[in-house]
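Remarks on the structure that follows.
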Protein chains: 2
Amino acid sequence: MGTPQLTKNQSLVMGALAHSDGPMSAYTILDKLRDQGFRAPLQVYRALDKLLEYGLVHRLESLNAFVACTCPHEHEHDHGVTAFTICEGCGQVTEFHDEAIEQRLSALVRAQSFKTEKTTIEIRGHCKSCA
Amino acid sequence: MGTPQLTKNQSLVMGALAHSDGPMSAYTILDKLRDQGFRAPLQVYRALDKLLEYGLVHRLESLNAFVACTCPHEHEHDHGVTAFTICEGCGQVTEFHDEAIEQRLSALVRAQSFKTEKTTIEIRGHCKSCA
DNA sequence: ATCGCACACGTTATAGCATAACGCAATTGA
DNA sequence: TCAATTGCGTTATGCTATAACGTGTGCGAT
Ligand SMILES: [Zn+2]
Ligand SMILES: [Zn+2]
Ligand SMILES: [Zn+2]
Ligand SMILES: [Zn+2]
């Protein structure tokens, strides 16, 4: 396992996200990559699916948009529950992780006999600069 | 403040959600209400906006769908951070609240000098019956 | 009363997000 | 060599959400 060599399309999408200030929708990515030969949404969505699978990219559900993961991916760690703050002002997204929240959620869910597959935590608001 | 008398459209949408087993998309609600005279998405979205504002309904971001709030609304309490488990098998959604998570998130966010406006916590997986 | 305003409503059109279904090409491994 | 897998390209379609316009109704201020 781990992260295989990216294909051309996957690299292009990854590059677009990595060099972006903030999150991008699939269609915004498409527009950025028209010059590199992208023509259709599926080219983007298929690349995103893989990048999500590899853990290189996260999807922001409340925005229908995508961001590059900001964790170090050197060591192959599964980075558990991911949470985000999302500034409504400047669009800045900050990824963070917290063991305490992860464990508390895990306990609450276990009490329901629920089996977690994916956890979404997104906090919308305003960052320090935009307050 | 509080919950004003609902308009006809708001009542119809609220009723549809309240009597539904699980979450419904706006377009599913529209279809359910065609017999009561609904014709266009905006009739649903406008009602939903108000119901969300009154706290009678929640939006599930990871599903682009809506559920009736299951908290008692007798006493006018603002019910803080709301979290959901969402079963991929049967569609069952369970709303829950936890003070510990709320406080921990609050602390983490404060450390970023971030000002929270809305918090989304959604856990996708399988419920006890669908495991 | 009547003016002005806020608000709900109805309608049409459009924008934005995501996937189905087809076929082709390259790779891999039995 | 054959079959299976994976990535790719294209067209068409479906689902989600809002813009923009106009109507009507209730209600307080003048
Ligand atoms: Zn990450
Ligand atoms: Zn900001
Ligand atoms: Zn609730
Ligand atoms: Zn279930």
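Chain naming here is simple, since letters A, B, ... match the order of the sequence lines and numbering starts at 1 in each. All values below were derived from every heavy atom in this structure, side-chain atoms included, with hydrogens, water molecules and symmetry-related copies excluded. Since the structure is predicted, the reported quantities are computational estimates derived from the model, not experimental observations.
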### Message
I'd like to know if the side chain of A/Ser20 reaches the main chain of A/Gly22, judged simply by a donor and an acceptor atom lying under 3.5 Å from each other, with no hydrogens or angles considered.
### Response
yes
### Query
Would you say D/dG7 has OP1 or OP2 under 4.0 Å from some side-chain N or O of A/Lys50?
yes
### Query
Does any residue of residues 33-44 of chain A have a heavy atom under 4.0 Å from DNA chain D, and if so, which ones, in number order?
A/Arg39, A/Ala40, A/Leu42, A/Gln43
### Query
Which residues pass the side-chain hydrogen bond (donor to acceptor under 3.5 Å, both in side chains) test with B/Gln43, sequence neighbours left out?
none
## Note on the structure
The side-chain hydrogen bond (donor to acceptor under 3.5 Å, both in side chains) partners of B/Asp31 (sequence neighbours excluded) come to B/Arg34
### Message
Checking A/Glu99 now: which residues fulfil salt bridge (Lys or Arg N to Asp or Glu O under 4.0 Å) with it, not counting sequence neighbours?
### Response
none
### Query
NZ of A/Lys115: more than 12 outside heavy atoms within 6.0 angstrom?
no
#### Entry: B/Leu17 side, atom CG; B/Leu48 side, atom CG - distance, nearest 0.5 Å
6.5 Å
### Spacing of CG belonging to A/Leu12 relative to CD belonging to A/Gln36, to within rounding of 0.5 Å
6.0 Å
### Query
Does A/Leu30 share a hydrophobic cluster with A/Leu52, counting links as ILVMFWY side-chain heavy atoms below 4.5 Å and allowing steps through other members?
yes
### Query
Rounded to the nearest 0.5 Å, how far apart are OG1 of A/Thr94 and CD of B/Gln112?
5.0 Å
### Message
Please enumerate all residues that pass side-chain hydrogen bond (donor to acceptor under 3.5 Å, both in side chains) together with B/Thr28, with sequence neighbours excluded.
### Response
B/Ser25
### Query
CG of A/Leu30 versus P of D/dC8: gap in Å, rounded?
15 Å
### Task
Hey, could you give me the CD/CG distance between A/Glu61 and B/Leu60, rounded to the nearest 0.5 Å?
11.0 Å
### Message
Short of 4.0 Å, heavy atom to strand atom, which residues of residues 10-22 of chain A count as contacting DNA chain D?
### Response
none
### Query
Could you give all pairs that pass the ring pair (Phe, Tyr, Trp, His ring centres under 6.0 Å) test and reach residues 89-111 of chain A, with sequence neighbours left out?
A/His79-A/His97
Atom pairs, protein N/O to nucleotides 13-16 of chain D N/O, distance under 3.5 Å:
residue : atom : partner : partner atom : Å
D/dT16  : OP2  : B/Ser25 : OG           : 3.3

### Query
5' to 3' on DNA chain C, which nucleotides open and close the contacts with chain A (atom under 4.0 Å from a heavy atom)?
C/dC17 to C/dA21
### Message
Listing request: all ring pair (Phe, Tyr, Trp, His ring centres under 6.0 Å) pairs with a residue in residues 9-42 of chain B, at least two apart in sequence or in separate chains.
### Response
none
#### Entry: With A/Glu122 via side-chain hydrogen bond (donor to acceptor under 3.5 Å, both in side chains) - residues at least two apart
A/Ser62
### Message
Angle between the end axes of the helix from C/dA1-D/dT30 to C/dA30-D/dT1, five pairs per end, to the nearest 10 degrees?
### Response
20°
### Query
Say you draw a straight line from CD1 of B/Ile101 to CG of A/Leu108; how long is it, rounded to the nearest 0.5 Å?
5.0 Å
